[in-house]
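Report on one structure; see the data block that follows.
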Amino acid sequence: MQVNERYIYVGAVYYDFKTDDGNRMLLTKVTLLPIEMSKKDGVTGFQVDVFNAVDATLFNELRKLQPLKAYEFRLDIDTSGKTPKIKVLSVVGEVKAA
C-alpha cells in the first residue's frame, strides 16, 4: 500500500559496502520526525522514525532537502508480516503552511 505522509526531515545516511560473501550493498536510511503524533501514556516528546529508502538513488534527492523542514513523502507500507515494513519511495514536495 502506498501513502503520502507529512514529516519533518531530519537527515539521511548512505551506506555502500561489501557483505561477507562479496556482494555490494547500497542502502539509504532516512530519519523523519512525525508532524502530528498522538499522545501516549509514558511517552513525552516525539518519536523519531528511521526508514529504509526504496533504493540508494533517493539519497541524491534527499541531499537537496533542508533539514528540520516539513515535507511530504511517498511511503510504501508492507503489512504482510507481524511488523509493518515502511520504505520511503520519494519526496512529493515541501509542506506549505496553512
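At a threshold of 4.5 Å between non-hydrogen side-chain atoms, the residues P84 and D78 do not count as touching. Contact annotation: the side chain of L26 never approaches that of F59 to less than 4.5 Å [non-hydrogen atoms, C-beta and beyond]. Using a 4.5 Å cut-off on side-chain heavy atoms (C-beta onward), I35 and I8 make contact. L58 is listed as a side-chain neighbour of V88, based on a closest heavy-atom distance under 4.5 Å. V13 is not listed as a side-chain neighbour of T28, based on a closest heavy-atom distance of 4.5 Å or more. Between M25 and Y15 there is no side-chain heavy-atom pair separated by less than 4.5 Å.
Side-chain heavy atoms closer than 4.5 Å link hydrophobic residues (I, L, V, M, F, W, Y) into clusters, and following such links, possibly through other members, connects Y9 to V3. When hydrophobic clusters are built by joining Ile, Leu, Val, Met, Phe, Trp and Tyr residues whose side-chain heavy atoms come closer than 4.5 Å, directly or via intermediates, V91 is grouped together with L32. Both L33 and V43 are part of a single hydrophobic cluster, where members link through side-chain heavy atoms under 4.5 Å apart. M1 and L75 fall within the same hydrophobic cluster, defined by Ile, Leu, Val, Met, Phe, Trp and Tyr side-chain heavy atoms under 4.5 Å apart, directly or through other members. F51 and V92 fall into different hydrophobic clusters, where Ile, Leu, Val, Met, Phe, Trp and Tyr side chains are chained together by heavy-atom contacts under 4.5 Å.
If you take CG on N52 and NZ on K85, they are separated by 10.0 Å, rounding to the nearest 0.5 Å.
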Q | Chi angles and distances behind the side-chain hydrogen bond (donor to acceptor under 3.5 Å, both in side chains) call for N23, K18 | A | CA-CA 5 Å; N23 292 328; K18 286 192 176 184; over 6 Å; no
Q: List the steps and the verdict of side-chain contact (heavy atoms from CB on, under 4.5 Å) for I86 and D76.
A: CA-CA 6 Å; I86 302 173; D76 180 56; over 6 Å; no
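Comment: R74 does not engage E5 in a salt bridge, judged by the lack of any side-chain N to carboxylate O separation of less than 4.0 angstrom.
The two residues V54 and K87 have their closest heavy-atom pair at CA-CD, 4.3 Å. In terms of heavy-atom proximity, Y14 sits nearest to A56 at CE1-CB, 3.4 Å. Shown here for E72 and V95, the closest heavy-atom pair between the two residues is N-CG2, 3.7 Å.
When the shell of 6.0 Å around CG of D20 is examined, it contains 12 or fewer heavy atoms from other residues, nucleotides or ligands.
Using modelled atom types, one side-chain atom of Y71 and one backbone atom of Q66 make a donor-acceptor pair closer than 3.5 Å.
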